[in-house]
Amino acid sequence: MRGAAGPRLVGMNNTPTTSTTGLLTDKVAFVTGAGRGIGAAAARLFAREGARVLLAARTETELKAVTEEIRAAGGTAEHVVCDLADPASVRAAVDRCVELYGRLDAAFNNGAAGQRPGPMEQLPEADFDQVCAVNLKGPWVAMNAEIAAIRATAGRGAIVNTSSVGSLMANPELPVYGATKGALNSLTASAAATYGPEGIRVNAIAPGTTLTEMLLEWEAQSPGTIEQLNSLTPLRRGADPHEVAEAAAWLLSDRSSYVTGTVLRVDGGMRA
Ligand SMILES: NC(=O)c1ccc[n+]([C@@H]2O[C@H](COP(=O)([O-])OP(=O)(O)OC[C@H]3O[C@@H](n4cnc5c(N)ncnc54)[C@H](OP(=O)(O)O)[C@@H]3O)[C@@H](O)[C@H]2O)c1
């Protein structure tokens, strides 16, 4: 349920106390899935680190709330409604970024859909198509548009795709979701190899258990999931979304200038 605030969510939207360093000063960053969860935390962090940000997702009320919060804190932010399953709206969102800010330096392709948990033969075919459209075709369309926009404006840049620790192992509960994330890792590596020579870096992050609505939905459908995941995690807890956003900020910054084609686990050690 959207906006549910159980005990596990306490602190989810807390502004971290760490000081900022201007990691993304002078950059323009596009963030999908920015209305809540990891993407909202990333948009807030990127703005605090000096970027001008464009937030994208389907739910305008959420985008507006995060955008206003960023502006109230002194950052520069705009929002655009887009559906990752609708390629025209994804391209229009990237175009809007260039229209608003005149350039694109950094893109965080983070928005994604979960799936109904269960063995793979139980997932309706329409759900399979929808998860693939949002989680794989969506980032493919977005990356293509972003690469064109970076080439045409900043010239060099960085892209980060949000994968999942689930891309690195079997997912008996979320098999199609896991498959889309595995395919996204492959696309990330291919894009890194293709666009590296022109100075465009492409990486992925693979979050583990992260305390967002997506995880709480899984927990609601399969009670006990979070406790089980925490028991498999050396740090014995889920991440606050801002802890995942930190990894994306670094990968989008010039401080990771020799890193491309990697999948960075941000998983509390789950796959160590
Ligand atoms: N939470 C975890 O434990 C976990 C673990 C590993 C990986 N991840 C990944 O982390 C990323 C962020 O997820 P989250 O945990 O922050 O979940 P979340 O809180 O549910 O946020 C998901 C975001 O994606 C957007 N989105 C979903 N479908 C979309 C669509 N068709 N078009 C455009 N935007 C769409 C949502 O906005 P609208 O619904 O308004 O469009 C929302 O802003 C995802 O890629 C997810 O797979 C999460």
Side-chain angles (χ1 to χ4, degrees), residues 29-33 37-39 42 84-85 87 90 106-115 117 120 123 127-147 150 157-210 212 214-215 218 229 232-233 238-239 241 243-253 256-272:
F30 174 65
V31 181
T32 71
I38 294 168
L84 288 164
V90 175
F108 184 32
N109 296 314
N110 164 78
Q115 71 152 99
M120 66 184 210
L123 192 73
D127 289 18
F128 178 99
D129 290 342
Q130 175 68 10
V131 176
C132 289
V134 175
N135 295 7
L136 179 57
K137 188 174 175 186
W140 173 72
V141 171
M143 274 197 285
N144 292 341
E146 290 154 2
I147 285 156
I150 291 170
I159 294 173
V160 171
N161 297 317
T162 304
S163 178
S164 168
V165 73
S167 71
L168 307 171
M169 56 187 169
N171 290 271
E173 281 253 318
L174 306 175
V176 173
Y177 171 85
T180 60
K181 296 298 191 176
L184 184 58
N185 293 350
S186 172
L187 211 54
T188 299
S190 297
T194 305
Y195 304 107
E198 55 187 291
I200 299 174
R201 296 183 299 109
V202 187
N203 291 290
I205 54 169
T209 313
T210 309
T212 67
M214 185 181 279
L215 182 74
W218 187 12
L229 293 172
L232 299 170
T233 303
E243 297 179 279
V244 178
E246 289 284 352
W250 178 72
L251 284 170
L252 289 172
S253 81
S256 61
S257 51
Y258 202 59
V259 182
T260 196
T262 197
V263 178
L264 176 62
R265 289 189 288 107
V266 190
D267 67 350
M270 189 188 250
R271 294 301 291 165

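Because the structure is a prediction, the values reported are computed rather than measured.
Annotation: salt bridge (charged side-chain N to carboxylate O under 4.0 Å, His left out) contacts involving residues 132-146, sequence neighbours excluded, are absent. Applying the salt bridge (charged side-chain N to carboxylate O under 4.0 Å, His left out) test to every pair with at least one member in residues 260-272, sequence neighbours left out, gives these pairs: Arg265-Asp267.
A heavy-atom distance below 4.5 Å is found between the side chains of Leu187 and Met143.
Taking CG of Asn161 as the reference point, atom CG of Leu251 lies at 10.5 Å (rounded to 0.5 Å). The distance from atom OH of Tyr177 to atom CZ of Phe128, rounded to the nearest 0.5 Å, is 15.5 Å. With rounding to the nearest 0.5 Å, the separation of CG in Leu229 from CG in Leu215 is 7.0 Å. Distance check, rounded to the nearest 0.5 Å: OH of Tyr195 to CD1 of Ile159 gives 8.5 Å.
A donor-acceptor pair is defined here as one N or O able to donate and one able to accept, closer than 3.5 Å; no such pair exists between the side chain of Lys181 and the backbone of Ala206. Looking at Gln115, its side chain does come within 3.5 Å of a backbone N or O of Val176 through a donor-acceptor pair. Of the possible polar contacts, none joining the Ser167 side chain to the Ser163 backbone as a donor-acceptor pair under 3.5 Å is found. Judged by distance alone, the side chain of Thr32 and the main-chain N or O of Asn110 form a donor-acceptor pair under 3.5 Å. With Asp127 contributing its side chain and Leu123 its backbone, the two residues share no donor-acceptor pair below 3.5 Å. A donor-acceptor pair under 3.5 Å is formed between the side chain of Thr210 and the backbone N or O of Gly208.
No side-chain donor-acceptor contact under 3.5 Å links Asn203 and Thr262.
When every heavy atom of Thr260 is checked against every heavy atom of Ala192, the shortest pair comes out as OG1-CB, 3.5 Å. When all heavy atoms of Ala113 and Val134 are compared, the pair lying nearest together is N-CG1, 3.7 Å. Shown here for Ala107 and Leu252, the closest heavy-atom pair between the two residues is O-CD2, 3.5 Å. A pairwise comparison of heavy atoms in Val90 and Gly138 identifies CG1-O, 4.5 Å as the closest pair. Here the closest non-hydrogen pair linking Ala247 and Val266 is CB-CG2, 3.6 Å. The two atoms that bring Val244 and Pro207 nearest to each other are CG1-CG, 3.8 Å, heavy atoms only.
Shown here are the side chain to side chain donor-acceptor pair (under 3.5 Å) partners of Trp250, two or more places apart in sequence or in another chain: there are none. Qualifying side chain to side chain donor-acceptor pair (under 3.5 Å) partners for Glu198, counting only residues two or more places apart in sequence or in other chains: Arg151. For Asn171, the side chain to side chain donor-acceptor pair (under 3.5 Å) test picks out no residue, with sequence neighbours left out. Partners of Ser256 according to the side chain to side chain donor-acceptor pair (under 3.5 Å) rule, which considers only residues two or more places apart in sequence or in another chain, are Arg201.
The environment of Met214 atom CE is dense: over 12 non-hydrogen atoms of other residues, nucleotides or ligands sit within 6.0 angstrom.
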message: Go through it in stages, so that I can follow the logic: the residues are Trp140 and Leu184, the test is side-chain contact (heavy atoms from CB on, under 4.5 Å), and I'd like the CA-CA distance, side-chain angles, deciding distance and then a yes or no.
response: CA-CA 8 Å; Trp140 173 72; Leu184 184 58; over 6 Å; no
query: Is there a side-chain contact (heavy atoms from CB on, under 4.5 Å) between Asn109 and Thr162 once you walk through the steps?
result: CA-CA 6 Å; Asn109 296 314; Thr162 304; over 6 Å; no
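Remark: of the listed residues Asn185, Thr188, Ile205, Asn185 is the sole one forming a side chain to side chain contact (heavy atoms under 4.5 Å, CB included) with Val263.
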